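All values derive from a computational prediction rather than experimental measurement. The analysis underlying the following values was restricted to heavy atoms, covering all of them including side chains, and did not include hydrogens, waters or symmetry mates.
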Amino acid sequence: MSNQSAHPGVSVERSDERSNYDYTSEAIEQPTLVSELRERVDGDVRFDTYTRQMYATDASAYEATPIGVVFPISTADTAAVVSYCADRGIAVLPRGAGTSLAGQAVNEAVVLDFTRYMDTIVSVDAPARRARVQPGVVLAELNDTLASDGLKFAPDPAAGDRSVIGGAIGNNSTGAHSLKYGKTDAYVEECEAVLADGTVTTLGETDLSDLREQADRDGTLLQRVYAQVIRIVDDGSNEIRDQFPDLKRNVSGYNLDVLVEEAETGTINLARLLAGSEGTLAVITEAAVSLEPLPETKAVSLLFYDSVLDAVTDVQYVLEHDPAAVELIDDVLIGLARDTADFEAIASLLPDGAQAGLLVEFYAEDASHGRSQTAGLLTDRVSDDATSTDPPSDHPETEQTYSFAGLEAHSESDREQFWKLRKSGLPILLSRTSDEKHISFIEDCAIPPEHLPEFVDRFQSLLVEKNRAVDAAFYAHAGPGVLHVRPLVNTKAVADRQDMVDIADAVTDIVVELGGSVSGEHGDGHARTQWNRKLYGDDVWSMFRNLKTAFDPDWLLNPGNVCGDHDMTENLRYDDEYVYDAGFEPSLNWENENGMQGMVELCHGCGGCRGSQEASGGVMCPTYRAANEEITTTRGRANLLRQAMSGDVPDDPTDDEFAEEVLDLCIGCKGCARDCPSEVDMAKLKTEVMHARHQEHGATFRDKLFANFDTLAPFGSTLAPLSNLALSIPGAGTVAEMTLGIARERTLPSFRRETVQDWFETRGGSHISKDDAERRAIFFVDSYTNYCHTDVGKATIRVLEATGTHVQLAERTDSGRPALSKGFIEQSRETVESNVEELYPRVRDGWDVVLAEPSDAVMFQSDALDLLSGDAVESVATNTYGVCEYVDTFRLDENIDWEPVAASIAYHGHCHQKAIKKDHHAVSVLRRAGYNVDPLDSGCCGMAGSFGYEAEHYSLSKSIGNILFEQIEESGATAVTAPGTSCRTQLSEERLETVTAKSSLTGTELDRDEPPTPVELLDHCLPR
């Protein structure tokens, strides 16, 4: 079974000669090295400045610029690179998705990125519960493939929707359910690996006697490795048993405890030595992993406590109920949930006084078994009346209780809400734009559960002593004793960096005293390597170093990690030498702390923008999903922008190359403003840079043309149908491409002689009088709706009137969106000022503002606040609605006697509405109108305003669209609806038969090539 590419548009985009970007900079480091490597490998070799700087960071606080990056396509490629580098003393770093939190994925080395090409599921043997995979396979995509056989790769790290199997082995990853499944090492059966000298070998299960026969301290590299393993088993077993903590979760150092434990059986698995080695022992090119069956069902309880200390004290008693997961939620996370609209439903269930909680999940045979398990827990840990279900007669019972309340969840949606509460805090913690950040440097300690209360008490006292107790959240995997604690630290300040060392040193002492580990999940890397000697003692430390030397005599594989010489305060992304200089003054409003600089520095590198549509869903990041290039992720762009503004990248961000290669392919979908865990607003940052670029270098005629559509549209409308005829003349597309750079394949908007404003005046205005109206609304008819898509405008008016709304039209039609989308900030600001001047008096008198086009609605609701300040614009923003949002918010459709339509609809929401979490309203109204709606978890359509019209972007636009088209094909719906003009344009030009068939409701007045909008569907089933 082979894995299908998650990036269906790559070949299309790269075959188009008009796509004039190569995702690299012109500046190449060490060209001789590049040319020699290119002679040896079939994969990509990139040593340009942009690529090197993008791979200088991971999800940690660290930054180290690599020598270059190679994207191997095979084991032979990998071996060729390692061998070449070994001969020349060049360090090598194998890397997955770069989601590491301790800095183990950054180094001054040649980086091997396996995620582009070596991402194949080689085979699945379901009866044997085993899979063979390449290192770049994303965990979520592997599990999606395995699900049809009722199987999964059991370790479930939080970043599983973008992290890969090679990284999971390298970090010895685990997750929330380690109580059941343990760590990755338990599932590694065999590894094909490239050793430090380029030798390709297979490591797996081996009889100890056979290993002894092959061991030779003076033999080949592999024989020397065998000899060192035998020496550890023979001479170090007792010390290892004494020094390694007895924990389910310990990923500090090398896996010597597993080695010694296996040796007692006479058989060892050398592949498991690679688990947690962070690429320092060998480079994995293929792995055989064992699998686990999926649980039949699950059940979840939430226990509430007066304090974190009470909660962690209760953990040891909760564990007696054999849960699959026990997760801590502290007062910081509970407070954030109470204050966040997304968690309003579950926050309302939280009991007063709750300062901490334990989320406890059970795996169950069936629903009845699940209810029985939660009943046993609640009866024991809260009270006899905490559940209505009878507990099992043999459930554990403890006299003393610590929890004062409990909830239970059994349906999938309710369980997801509970887990959402647990996962809510980290994105908010990571969204700080101040110099102080919740960085990971000592957040990963593992403690025997019975010692958690003492550990928390002493850790909290230490934070108080260092004046860092405020906002230091305690959360994560309390069941196996792993707590994530991230104090606020400003690494730009010398004193704070010293505090990092002092805190880490003191916490390590506590950990050692309590029999714990400094890393229970996230590994050593730059952050924690220096504490392994204190954790294990000199003898075990020496064993680590001897093993490293046996595998890697010259210490060239990811040097410095695990048992090396890393200093946790070196190679920090931000230090006292860091200087920020954008090169221009921002023109938009930046209300966040540190303004635009805070946003530029916000990306923490988690790689959430690298998730595929299938694995992650959502909008972010559509260009990466199509192109599979790091530079097209929000992370790639954000890091390069920061580095350009701090001098690490020598380019001015307004220069041609930077603008074209780094920022040009950001399509302004705003997905990152919602889907990025830190909410990095790359679209807004790009707008600032575009504006500065226009001021410095001027703007292209094409940009001005698109920015001023509202000025041109009245002429097109007045001259229609002649204006439309001119656009349809054979060869017109070729001329448009040659003169304006507009793709010849695209059909430009056609104009209507009678505008919506004309039609409304002709019909005599609103058919609902003010006196009879439920509400009064100003319909702001945007330029495209007014001059091109008049049916949408007419349907909007009819639907509003059917709800009892008195409608009047705004005088203006330009929202300011076209100019803002092309970086003309001052022009857009002037337009918004005029709109607010017209609308604010009406809003103050009780009128609402309604728009049909989503991007224009969001322009009023959100983007206008980036351009203007004050009560007037805030009032207009607050009282502006998309048409379906308006109907849904005020339930204006409840008195409409809809005429039912037998149709199922696939709904593709607009990116901008998704970004501000308003895309769900259309689904709600359509369902109440009688439609069966399938809301697609879709990304951008790829059109993105003018982006898809531009010749150099055409093929990438279609590649992005292919992802949506596939979702539509897979939907069981008989028709497609999309509120956005750009989306409908992209869909109408798609030639796939199944998509075309779903673009209309056959047999109605909506039978046409272009999909209808939701408001047109509503208009279609209004009583006539």
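- Side chains of Asn558 and Thr280: no donor on one and acceptor on the other come within 3.5 Å.
- Listed by chain and number, the residues in a salt bridge (Lys or Arg N to Asp or Glu O under 4.0 Å) with Arg129 amount to none (sequence neighbours excluded).
- Taking a 6.0 Å sphere around CD of Glu26, one finds it holds 12 or fewer heavy atoms contributed by other residues, nucleotides or ligands.
- Residue pairs meeting the salt bridge (Lys or Arg N to Asp or Glu O under 4.0 Å) criterion with at least one member in residues 274-291, sequence neighbours excluded: Arg132-Glu286.
- Ion pairing of Arg224 with Asp216 is absent here, as no side-chain N (NZ or NE/NH1/NH2) approaches a carboxylate O to less than 4.0 Å.
- Electrostatic pairing of Arg116 and Glu629 counts as a salt bridge here, judged by a charged N lying under 4.0 Å from a carboxylate O.
- Using a cut-off of 4.0 Å between Lys/Arg side-chain N and Asp/Glu carboxylate O, Glu63 and Arg642 are scored as salt-bridged.
- Ion pair Asp524/Arg528 not flagged as a salt bridge, since none of the NZ, NE, NH1 or NH2 atoms sits closer than 4.0 Å to an Asp/Glu carboxylate oxygen.
- Every residue two or more places apart in sequence or in another chain was checked for a ring pair (Phe, Tyr, Trp, His ring centres under 6.0 Å) with Phe114, and none qualifies.
- With sequence neighbours excluded, the residues satisfying ring pair (Phe, Tyr, Trp, His ring centres under 6.0 Å) with Phe544 are Tyr254, Tyr536.
- In this structure, Glu661 has no salt bridge (Lys or Arg N to Asp or Glu O under 4.0 Å) partners at least two apart in sequence or on a different chain.
- Applying the salt bridge (Lys or Arg N to Asp or Glu O under 4.0 Å) test to every pair with at least one member in residues 154-167, sequence neighbours left out, gives no pairs at all.
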